[in-house]
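First up is the structure itself, then whatever we jot down about it.
Order of the sequence lines sets the chain letters (A, B, ...), proteins ahead of strands, with each chain counted from 1. Keep in mind the model is a prediction, meaning the values are calculated, not measured.
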Amino acid sequence: MDLYEKIVELARRRGIFWQSYEIYGGVAGFIDLGPLGTLIKRNIETLWREWFILRHQEFIVEIETPIIAPKKVFEASGHLEHFTDPIVECISCHRKFRADTLIEEKLNTNVEGLSNEELEKIIRENDIRCPICNGELGKVKTFNLLFQTIIGPYSENIGFLRPETAQGMFTSFKRVYEAMRNKFPIGIAQIGRVARNEISPRQGMIRLREFTIMEVEFFFNPKKPECPLIDKVRDRKILILPGELKVKGEKPIKITVEEALREKYIINEWLAYFMVQSYDFVNKLGVPYDKQYFEEKLPHERAHYATQTFDQMVKVERWGWIEVSGHAYRTDYDLSRHMKYSGHDLSVFIPYEKPVIKRKLKIAIKEKVLRETFKDKAAKIISTIKSTLPETIANELKTKGYIEVEGEKINSKYISVCEVEEKISGERIVPHVVEPSFGAERLVYVTLEYAYSEREGRVILKLPKRIAPIKVAVFPLVVRSRLPDIAKEIYERLKEMNLTVYYDESGSIGRRYARADEIGVPIAITVDYQTLEDNTVTLRDRDTWKQVRTPIEEVYRKLPLYFEDKIDFFKLGTPYESKSK
RNA sequence: GCGGCCGUCGUCUAGCCUGGACUAGGACGCCGGCCUUCCACGCCGGCGAUCCCGGGUUCAAAUCCCGGCGGCCGCACCA
């Protein structure tokens, strides 16, 4: 049984996650989170919020937008066109191939944007066959990974489930920007469900058809792409595999952020900054730095909207390196497309430090005179003049004394040229975007895998205490005397402190410790006979099985400090060894 | 989607080849009780199985046949 199987089994047994709709045989690509899984995922989300939003709250804000969007949104975003692949199936061996890459490889030509029929024609004309068995290829079909639905009753209004939360940030960009009183640069974050109709998801929690994305769309001025926070991470070393090394089959290299930027491995400082944040965030979930690296996606591997993408890879036992986050430089692709498709201006006004004074020619039209002379034709003449460059008009007036419009000669009787000063206080730009984007369920799995350990045949989930779904377990050593009463009292007090905590008096104390270890409870409090004498209890550390003894009142004071990482376990009391040992 | 392997209590499994005594057995876990002064102790009891689903063959199907669904691995696909 490999680690993945052990975790899946533990998850099912203890209520962390399992396959959805089991009673109907299950459906691939969907999972339920159980009581513990829900807590774990929420703790990961909370940590993410703190790490990416709270710490940057002066310029990163969180929003929520719908899961369903009308067709137009995905026409604009390019997903209807690009989130699909033309696929051909070999008639004899039934293997499937991407039609476009097959042709591009064989004929060494670019067939981007061609229709399925055109691709099929090329395949027929060039007698392209199955590269595996040399069999004949069938019809070119399209796979679109968007889930489709209908908005409203009996409606023609087609909608789609979003494949990423990002579009919500783009479509509402202007509102958020204004609500934040034109804060710029600005990051908009969202945690939400997305859906992708994967062709064949078969890696449990790793490839889901519906999952949670945590992402930031960070909007900045492409003319000022510097990140003021980059100094904080400039000297940080990261493991990175740039595209140019990847194509040579080389391994990731360990370099500083500064070097990565200098060598243009990473093309934007903000992108680099968020990559380091992500490196640390995943480390906080229990993944060591040497089990992570950033891999650049090659042009043909990238999504349609990105000019550079790094995937943050984490090593897992079963599948090797898997992607837990993507870091894409999306440029102004999305905003520009939404401007074009919606007709709304999504640009941002950037004031200059000092207004620029520009001298400019202006044509003054004496409309009244012009109308009197040319009657009906006047309107047309005026609009033509207005759409002509003032410089051109001035030049013609100077040389010829008139300009010719609509077959009429217009001289200085009707128009005159003057020079005006124009004060330009800034310019409008379409922001560029970098996007760090995490898959929450994958992080849940990765966190579990790195927390999983065994000791003396027992499972111990060494979850970071921030992530542990249950923080404290309270046990009476035996069900005798007043021990259960005191333990229950402690349990009630801890609940009032907003901790997740549980009380257990069943079976032997050893069994109860084992049960608690298995779901990663960091601290177990045991009420024993000594408690009756001096009001002290033992606290047991999940990872070392060591115990300390502390007065009950001290427990309430010190536990919060422990969970805030202000003190470590051994500061919770004085070392304690049980007598029987 | 193809090929290989697989699908029985919560979990792991026995039974399947060679159809019938299977009311589907066990272990672990879970629940209750007893016991118990610190690491899955012991004893008693209990709950717990659409034998993946549907169809067929048969007097009789967990067992044989067909179809489907789901899982794992490989290919392909996807990020």
Side-chain angles (χ1 to χ4, degrees), chain A residues 1-2 4-6 8-15 18-30 83-85 87-98 101-102 130-133 138 141 143 145 163-164 196-204 206-209 211 295 297 301-303 306 309 311-313 318-319 321-326 328 437 439 442 455-460 475-481 483 505-518 524-532 537-538 540 542 545-547 549 576-581:
Chain A
M1 191 151 72
D2 71 8
Y4 171 79
E5 280 175 281
K6 285 176 176 176
V8 169
E9 194 227 303
L10 174 71
R12 243 200 312 252
R13 205 152 41 77
R14 298 305 306 268
W18 53 80
Q19 190 177 32
S20 300
Y21 314 115
E22 289 182 304
I23 61 164
Y24 291 105
V27 186
F30 298 93
F83 214 53
T84 110
D85 292 314
I87 286 181
V88 272
E89 188 173 337
C90 167
I91 290 170
S92 57
C93 75
H94 299 289
R95 272 179 252 261
K96 294 203 166 182
F97 306 94
R98 274 186 63 161
T101 51
L102 208 59
C130 172
I132 306 292
C133 77
K141 291 177 190 166
F143 277 90
L145 302 189
E164 55 172 3
R196 301 177 180 181
N197 202 1
E198 299 284 352
I199 294 167
S200 158
R202 281 187 301 190
Q203 292 156 302
I206 304 301
R207 268 265 297 289
L208 293 171
R209 288 191 162 118
F211 59 102
E295 177 174 322
K297 301 283 91 180
E301 299 171 317
R302 283 199 298 259
T309 301
D311 281 348
Q312 183 177 14
M313 311 299 287
R318 189 175 200 139
W319 295 289
W321 295 97
I322 60 160
E323 170 199 347
V324 296
S325 77
S437 171
R442 281 191 180 187
R455 176 170 176 182
E456 294 172 22
R458 292 163 33 172
V459 174
I460 303 170
F475 309 138
L477 182 61
V478 290
V479 197
R480 282 241 180 108
S481 190
L483 302 190
E505 60 174 36
S506 78
S508 71
I509 190 70
R511 181 188 300 251
R512 283 176 267 158
Y513 286 144
R515 272 199 288 253
D517 285 344
E518 200 174 54
I525 296 176
T526 303
V527 173
D528 58 16
Y529 284 105
Q530 195 181 324
T531 310
L532 297 174
V537 290
T538 65
R540 170 189 176 273
R542 174 195 69 198
W545 295 5
K546 292 259 165 58
Q547 285 180 292
R549 187 166 271 282
Y576 174 75
E577 289 274 345
S578 69
K579 286 162 202 159
S580 71
K581 270 195 148 179

Contact under 4.0 Å: Arg318(A) side-chain N or O vs C73(B) OP1/OP2: yes

Rounded interatomic separation in angstrom, taking OH from Tyr513(A) and C1' from U37(B): 11 Å

Rounded distance [0.5 Å steps], CZ in Arg207(A) versus CH2 in Trp319(A): 11.0 Å

Less than 4.0 angstrom between a side-chain N/O of Arg13(A) and OP1 or OP2 of C12(B), yes or no? no

Output the rounded distance in Å from CH2 (Trp18(A)) to P (U11(B)). 12 Å

Distance between C1' atoms of C5(B) and C43(B) (Å, rounded): 43 Å

Under-4.0 Å side-chain N/O to phosphate OP1/OP2 contact, Ser508(A) with C41(B): yes

Which whole-number value in Å describes the distance from Glu505(A) CD to U37(B) C1'? 16 Å

Thr309(A): side chain to side chain donor-acceptor pair (under 3.5 Å) partners, not counting sequence neighbours: none

Side chain to side chain donor-acceptor pair (under 3.5 Å) partners of Arg458(A), counting only residues at least two apart: Asp517(A)

In whole angstroms, the gap separating P of U11(B) from CZ of Arg14(A) amounts to 14 Å

Measuring from the side chain of Tyr576(A) (C-beta onward, heavy atoms only), which nucleotide among C38(B), C39(B), C31(B) has the closest atom? C38(B)

